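A short worksheet on the structure shown next.
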Amino acid sequence: MHVLSIVVIQGEKLSTTIVLGAQWGDEGKGKVTDFFASKADLVVRFQGGNNAGHTIVVGDEKFALSMVPSGVMYESCTPIIGSGCVIDFEVLKNEIETLNGKNIDTTKLKLSYNAHIIMPYHKILDELIEDSLGDKKIGTTRKGIGPCYGDKIQRKGIRIQDFLSEENFYEKLKNNLEEKNQIIEKIYGGNSINFDEIVDEYKNYKELVSSIADDTSLVISNSLKENKKILFEGAQGTLLDIDHGTYPFVTSSNTSAGNAATGSGIGPLNFDEVVGVTKAYISRVGTGPFITEQENEIGDYMIEKGAEFGTVTGRRRRCGWLDLVSLKYSKRINSLSQLFITKLDVLSGLEEIKVCIGYSFEDKKITDYPLVDEILDKCEPIYESFEGWNEDISGITKYDALPENAKKYIEFIENFSDVPIKYISVGPERNQNIIR
Ligand code: GDP
Ligand code: IMO
Ligand code: MG
């Protein structure tokens, strides 16, 4: 059934490796996970839901995965959705059907009994809350992520295991609906939702969910004992982390490395490498501070050349120069051990390339990412300037073959961030990579 597993395999040594976004998401985690997944036995998603959009390009085929871990592309790999994730059944079912339609086998997929379900009222509330915020809106993906995690933290959520027990499901749904309908109608003026309609719809998911539900913590732990290679695929990015990101303009889960342990149910001593994925510039979808944003022809150039439109919502991404202050912060939060730089090809053709090496705040230079909003909001970028290059680098596979100016740029990032840049991506395709 699996036609894609014969494609050239490029990944290197792999033990337990976390791949995560070092910026505000959309760094190319899908492509990077796919790159490593060729050598992995398991690929685990540990947080987020279908707010994620991870793109993998194989020849003429483009896959946009939002819930199924990117390792699904390889027959040898077991994809696992951990307890830290939130699941929209309709999206998951459609994604599985789309993959099957493209001859990708999904029968090994496993879903944690403890993952939480994104219910119809979560999606309605995400819309209503966003709309009520006016110019203070977060710019969420409106997929119900925040309200679902909110219920989880308030201990009202409905988990996969609750759904599988009809009695539990009906009781929890009834209790939730009593409260949610009041909020929807009385606070936001929306339309209430009906118990029977949800029950009818959710009957369609029972067979699928019961076939994939498992104690995924145990599955992962047993695989570790057998020295299996495990890849942990982060969603969103460090600056969208609920604790360490640009709160409140963040997502509702911990996107940083620590959650690879909690969100999959294994301890923190099990990880060998943390690969931070960062674009050679930076982008953000949604509202919130963005110190190096280029709302000018440079930003337009990045958006057009980098095709910077959201995978999930189709929104135009905001773009700007690479921010090394935030990259250093990302190193600290995640203990990054390697960097995978993506989209270097997008910078070809720019006369000058800038990179932010500090912030200026009230005439002082700041080099550590400021946590206090009142400082962050007043920071101006301090740039180091580099000469650009004109060559098309999208076919280059050897570091030495890169233009000298591109190498200077890469080496500057490496020295400043103090994280080895082991891989550079120069195009969306699976094999457009430079391994150093
Ligand atoms: P993710 O959410 O981190 O997986 O990233 P997305 O898939 O949302 O966005 C990254 C986009 O950049 C996708 O369209 C990828 O196909 C594309 N991409 C990834 N790496 C490269 C690269 O090195 N060069 C170019 N031009 N595109 C890339
Ligand atoms: P991947 O995994 C980029 C952003 C939204 C919004 C904020 C909160 O593809 O990198 P949410 O719907 O999560 O409550 O929205 O987070 N956001 C992302 N931005 N990439 C993503 O995922 C994102 N997932 C959420 O735009 O600003
Ligand atoms: Mg994305």
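One-based numbering, in listed order, for ligands and for the atoms of each. Keep in mind that what you see is a predicted model, and the values were worked out from it rather than measured.
The shortest N/O to N/O separation between Gly427 and ligand 1 falls below 3.5 Å. Considering backbone and side-chain atoms alike, Val346 places every N or O at 3.5 Å or more from each N or O of ligand 1. Looking at Gly53 next to ligand 2, an N or O pair under 3.5 Å apart turns up. Some N or O of Thr141 is nearer than 3.5 Å to an N or O of ligand 2, by distance alone. The N/O atoms of Lys31, backbone and side chain alike, include none that comes under 3.5 Å of an N/O atom in ligand 1. Between Thr140 and ligand 2, not a single N/O pair is under 3.5 Å apart. For ligand 1, none of its N or O atoms has an N or O atom of Lys305 under 3.5 Å away.
Under 4.0 angstrom from ligand 2, the non-hydrogen atoms of Arg315 all belong to its side chain. Using a 4.0 Å cut-off between heavy atoms, Asp345 contacts ligand 1 through its side chain alone, with no backbone atom that close. If you look at Val250 next to ligand 2, the close heavy atoms, those under 4.0 Å, all belong to the backbone. The proximity of Val426 to ligand 1, defined as any non-hydrogen pair under 4.0 Å, is limited to the backbone. Under 4.0 Å from ligand 1, the heavy atoms of Arg317 that appear belong solely to its side chain. With a 4.0 Å cut-off on non-hydrogen atoms, Lys143 does not touch ligand 2 at all.
A ring-centre distance under 6.0 Å is found for Phe36 and Tyr423. Note: Phe35 and Phe340 meet the aromatic proximity criterion, with ring centroids under 6.0 Å apart.
For the residue pair Glu352 and Trp321, the shortest heavy atom distance occurs at O-CH2, 3.4 Å.
Taking the six-membered ring where tryptophan is involved, the planes of Phe412 and Phe386 are perpendicular, since the angle between them exceeds 60° and thus also 30°. Taking the six-membered ring where the residue is Trp, Phe163 and Tyr202 present perpendicular rings, their angle passing 60° and hence far from 30°.
When Ser394, Pro428, Gly28, Ala64 are checked for heavy-atom proximity to atom 5 (O) of ligand 1, Gly28 turns out nearest. Of all the listed residues (Lys62, Glu429, Arg430, Lys343), Lys343 holds the heavy atom that lies closest to atom 21 (C) of ligand 1.
When each atom of ligand 2 is checked for a heavy atom of Trp24 under 4.0 Å away, the hits are 3 (C), 19 (N). Which parts of ligand 2 touch Gly286 is read off a 4.0 Å heavy-atom cut-off, strictly below it: atoms 27 (O). Per-residue contacts place Leu240 under 4.0 angstrom from the following atoms of ligand 2 (heavy atoms of the residue considered): 4 (C), 16 (O), 17 (N), 18 (C), 19 (N). Listed by number with element, the atoms of ligand 2 under 4.0 angstrom from any heavy atom of Lys29 are 1 (P), 2 (O), 10 (O). Heavy-atom proximity to Gly30, at under 4.0 Å, picks out these atoms of ligand 1: 4 (O). Residue Ala235 has at least one heavy-atom neighbour below 4.0 Å for each of these atoms of ligand 2: 2 (O). Residue Gly139 approaches ligand 2 through these ligand atoms, each under 4.0 Å from one of its heavy atoms: 5 (C), 6 (C), 26 (O), 27 (O). Near Thr251, with a cut-off below 4.0 Å to any heavy atom, the atoms of ligand 2 are 8 (C), 11 (P), 13 (O). Within ligand 1, the atoms closer than 4.0 Å to a non-hydrogen atom of Lys29 are 1 (P), 2 (O), 3 (O), 4 (O), numbered from 1 in the order shown. The contact set between ligand 2 and Ile138, taken as ligand atoms under 4.0 Å from a residue heavy atom, comprises 27 (O).
At a threshold of 4.0 Å, the pair Arg159-Asp162 counts as salt-bridged, since one of the basic side-chain nitrogens sits closer than that to a carboxylate oxygen. For Lys172 and Asp151, the salt-bridge test fails: no basic side-chain N is under 4.0 Å from an acidic carboxylate O. Look at Asp214 and Lys110 and you find a salt bridge, because one of the NZ, NE, NH1 or NH2 atoms lies within 4.0 Å of a carboxylate O, short of that distance. At a threshold of 4.0 Å, the pair Lys422-Glu273 does not count as salt-bridged, since none of the basic side-chain nitrogens sits closer than that to a carboxylate oxygen. Between Asp418 and Lys331 there is a salt bridge, since a side-chain N of the basic residue sits under 4.0 Å from a carboxylate O of the acidic one. Between Arg142 and Asp131 there is a salt bridge, since a side-chain N of the basic residue sits under 4.0 Å from a carboxylate O of the acidic one. A salt bridge links Lys93 and Glu97; the closest N-O separation between the charged side-chain nitrogens and carboxylate oxygens is under 4.0 Å.
Closest to atom 25 (C) of ligand 2, if we only count protein heavy atoms, is Gln236 CG, 3.7 Å. Shortest contact from atom 23 (O) of ligand 1 to any protein heavy atom: Ser425 OG, 2.5 Å. Remark: minimum distance from atom 10 (C) of ligand 1 to any protein heavy atom is reached at Asp26 O, 3.8 Å.
For the Mg ion (ligand 3), the N/O/S atoms of Ala52 include none lying under 2.8 Å.
The closest approach between any non-hydrogen atom of Phe249 and ligand 2 is not below 4.0 Å. The closest approach between any non-hydrogen atom of Gly25 and ligand 1 is not below 4.0 Å.
Using modelled atom types, one finds a donor on one side chain and an acceptor on the other under 3.5 Å when comparing Thr238 with Ser330. In this model, a donor atom of one side chain and an acceptor atom of the other lie less than 3.5 Å apart for Thr251 and Asn51.
Looking at Arg284, Lys343, Arg316 one by one, the single match for salt bridge (charged side-chain N to carboxylate O under 4.0 Å, His left out) with Glu308 turns out to be Lys343.
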Would you sort out whether Ile184 and Leu125 count as a side-chain contact (heavy atoms from CB on, under 4.5 Å), showing the intermediate values?
CA-CA 7 Å; Ile184 289 171; Leu125 282 166; 3.9 Å; yes

